[in-house]
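Take a look at the structure below.
Given the structure is predicted, the values throughout are model-derived calculations rather than measurements.
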Amino acid sequence: MSPIATVNPYTAETVREFEPMGAGAVDAAVRRAARAFTGWRSTPATDRAEVLHRAARMAADRAEELEALITLETGKLIRHSRAEVDLAVRTLRYYADEGPALIADEPLKVERGTAVLRNDPLGPVLGVQPGHFPFFHAVRFAAPNLVLGNTVLVRPAAGCPQTALALAEVLAEAGAGEGCFEVLLVEDRDVGAVVEHEQVCAASLIGAEAGGDAGGAGLAERAGRRAKKTVLDLGGRDPFIVLDGEHLERTVEAAVASRLHNMGQGGISARRMIVVRKVYAEFVALLAERFHALRPGDPADASTTLAPLCSEAAAARLMDQLDDACERGATAVTGGHRIDRRGAFVEPTVLTGVRPDMRAYHEELAGPVAVVFPVADEEAAVALANDSPYGLGGAVFAGDVLRAHAVADRLETGMVWINHPTTSEPNLPFGGVKRSGYGRELAHAGITEFANRRLVVENSAYGPVGDALG
């Protein structure tokens, strides 16, 4: 078995290694979570929520340490790590504040007697995590489930073991008992066995559809064999539609912010910029100017504007996609190459002339690459936006808000934003359609995905049962 390691993407240095957990260690961790579930589910929801309140305070107090650790493991800019920790803290606070009310009994209208829909926990639930937001995504999965009363098993991305272990420390110090939050350091090939473990009740994955048992399709298949529910966030190729030139400078800044947050490695990112022809040339020129101005450096240095990708493998894959596009006739208005220096750096790239026969048209480009398409009008914009197997998020920019809404209403996505980049907030449901996955995380929707929505009816006022059984 290869070690699970923290490898600094900026220096390529192996910082720390962990031995992957064997089958016995995994079984012991799952059974700790199962034993803990008995007591955790019977703990009042307000007390479970107080654990999250304390965890939020502790994470905020340790923010600098956590930010540095995230940047070390992912290579992202320190300001992006700071934003990630802030979002995680706000998510902990949201579920601490709102969670008990969100899972309260829901009275139902009945002719006689009473009926309620109760949100009961299921048991140990598994979250398979990606590497691009290792702290926030683990919190996004754990916080609602812990308030609900489930116990949580997290399998972090291979390159981010220390970030997951840091969250485990925070939760333990906040009062989550042994087994309430377990970190599983296992290889991809062992994820399927965890999903099928008799004590694991449900599973969530953020990542890619492919990838064997550690990918969305494989995990869903394994879970389906045991009739276990899954929630999948499989990324996307989000459209960023520009319908006119009103406030174009601001629109370009929004495009840059969306595409380059975490160096373009997040799921909700402006991967396809679809711009009406009358402002296309100006938009591309402004975008290329901002991309060209970025400078690589140490991501832990606040003055750095271009970070490395999360790994050498990620940089190599992105370059394969760029080379394929350029060899087939696409134009790199700026960028298009590896940067000749230490670290997994790729030049910020603006691609035009991308056609359906190119990988860059269909595949998710995880890196600082913007693909820009000209279109004649909103009809063409909608057709191009929906010409994708993915449907996570999208954004529409226009001076006429009603026109923007009319276009947004026709997009085949799980989320859409008007005159703002697609983003994530604790109080807003997050998820997609088509091959971007199914289910929702965050807000009220996320806390009941792994609940037993149990109906409890008291109907003693009814007469004899007779033939009323349905």
Side-chain angles (χ1 to χ4, degrees), residues 132 208-210 234-242 252 255-256 258-277 280-294 296 306-341 343-376 380-381 383-395 434-436:
H132 48 281
E209 181 179 355
L234 304 181
R237 296 190 65 246
D238 288 8
F240 183 100
I241 298 174
V242 181
V252 171
V256 172
S258 176
R259 189 66 196 104
L260 294 182
H261 189 80
N262 196 27
M263 291 301 103
Q265 296 170 102
I268 46 170
S269 181
R271 284 192 165 82
R272 294 178 297 150
M273 301 182 188
I274 300 169
V275 185
V276 293
R277 289 189 187 280
Y280 172 78
E282 186 179 1
F283 180 93
V284 169
L286 289 171
L287 187 70
E289 177 184 323
R290 284 157 177 76
F291 270 48
H292 183 72
L294 300 174
L306 181 72
L309 298 190
C310 63
S311 67
E312 278 295 323
R317 181 175 189 273
L318 182 62
M319 284 308 308
D320 285 345
Q321 294 167 313
L322 288 177
D323 290 344
D324 172 80
C326 292
E327 287 168 4
R328 293 174 183 271
T331 298
V333 179
T334 187
H337 305 93
R338 282 294 300 261
I339 298 177
D340 186 16
R341 59 167 296 150
F345 287 95
V346 173
E347 288 180 339
T349 302
V350 175
L351 276 183
T352 60
V354 172
R355 302 188 311 270
D357 63 323
M358 303 172 184
R359 292 176 61 189
Y361 186 92
H362 300 284
E363 296 180 7
E364 190 175 42
L365 302 182
V369 178
V371 181
V372 193
F373 299 91
V375 290
L384 180 55
N386 289 338
D387 184 22
S388 172
Y390 297 98
L392 185 57
K434 300 199 287 190
R435 288 171 70 175
S436 286

Tell me the closest heavy-atom pair linking [X] and [Y], and the distance in Å.
| X | Y | value |
| --- | --- | --- |
| L309 | G367 | CD2-CA, 3.8 Å |
| C310 | A314 | SG-CB, 3.9 Å |
| G264 | S269 | CA-OG, 4.2 Å |
| F283 | A255 | CZ-CB, 4.0 Å |
| I274 | P239 | CD1-CB, 4.0 Å |
| I241 | A381 | CG2-CB, 4.0 Å |

Quick one: pull up [atom1] in [X] and [atom2] in [Y] and give me the separation to the nearest 0.5 Å.
| X | Y | atom1 | atom2 | result |
| --- | --- | --- | --- | --- |
| S436 | E209 | OG | CD | 9.5 Å |
| R259 | L365 | CZ | CG | 6.5 Å |
| R359 | D323 | CZ | CG | 9.5 Å |
| L234 | K434 | CG | NZ | 13.5 Å |
| H132 | H261 | NE2 | NE2 | 10.0 Å |
| R237 | H362 | CZ | NE2 | 8.0 Å |

Practice task
Quick one: list whatever passes ring pair (Phe, Tyr, Trp, His ring centres under 6.0 Å) with Y361, sequence neighbours left out.
Solution key: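 If we apply the ring pair (Phe, Tyr, Trp, His ring centres under 6.0 Å) test to Y361, skipping adjacent residues, the hits are F373.
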Problem - Residue list, ring pair (Phe, Tyr, Trp, His ring centres under 6.0 Å) with F240, at least two apart or on another chain - result: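 Counting only residues at least two positions away or on another chain, F240 forms a ring pair (Phe, Tyr, Trp, His ring centres under 6.0 Å) with F397.
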Practice task
Report the C-alpha separation of V346 and L322 in whole Å, then their side-chain angles, then the decisive distance to 0.1 Å, and conclude whether the side-chain contact (heavy atoms from CB on, under 4.5 Å) test is met.
Solution key: CA-CA 10 Å; V346 173; L322 288 177; 4.1 Å; yes
Problem - Exceeds 12 heavy-atom contacts within 6.0 angstrom, atom NE2 of H337 - result: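 No, not enclosed.
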Exercise for the section: Count the heavy atoms of every other residue, nucleotide or ligand shown that sit under 6.0 Å from CD of E282, and state whether that count exceeds 12. Expected result: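 No, the 6.0 Å shell around CD holds no more than 12 heavy atoms from other groups.
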Problem - Residue from T349, L287, V350, L351 passing side chain to side chain contact (heavy atoms under 4.5 Å, CB included) with T334 - result: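 Among T349, L287, V350, L351, the one meeting side chain to side chain contact (heavy atoms under 4.5 Å, CB included) with T334 is V350.
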Taking C-beta and beyond as the side chain, do [X] and [Y] meet within less than 4.5 Å on heavy atoms?
| X | Y | answer |
| --- | --- | --- |
| H292 | P348 | no |
| V276 | V242 | no |
| I339 | P308 | no |

Exercise for the section: List for me each residue that meets salt bridge (charged side-chain N to carboxylate O under 4.0 Å, His left out) alongside R290, sequence neighbours excluded, and say none if there are none. Expected result: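 Salt bridge (charged side-chain N to carboxylate O under 4.0 Å, His left out) list for R290, sorted by chain: E249, E253.
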Practice task
Mind checking side chain to side chain donor-acceptor pair (under 3.5 Å) for R317 and listing every partner two or more places apart, or none if nothing turns up?
Solution key: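 Per chain and number, R317 pairs via side chain to side chain donor-acceptor pair (under 3.5 Å) with no residue.
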Handout entry: Pairing residues for R277 by the side chain to side chain donor-acceptor pair (under 3.5 Å) criterion, not counting sequence neighbours
Key =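 R277 satisfies side chain to side chain donor-acceptor pair (under 3.5 Å) with no residue once adjacent residues are dropped.
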Practice task
Verify side-chain contact (heavy atoms from CB on, under 4.5 Å) between L318 and Q321, making sure each step is shown before the conclusion.
Solution key: CA-CA 5 Å; L318 182 62; Q321 294 167 313; 3.7 Å; yes
Practice task
Would you mind listing every salt bridge (charged side-chain N to carboxylate O under 4.0 Å, His left out) that reaches into residues 260-276, with sequence neighbours excluded?
Solution key: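 The answer is R271-E364.
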Practice task
Applying side-chain contact (heavy atoms from CB on, under 4.5 Å), run through V333 and F291 and close with a yes or a no.
Solution key: CA-CA 10 Å; V333 179; F291 270 48; over 6 Å; no
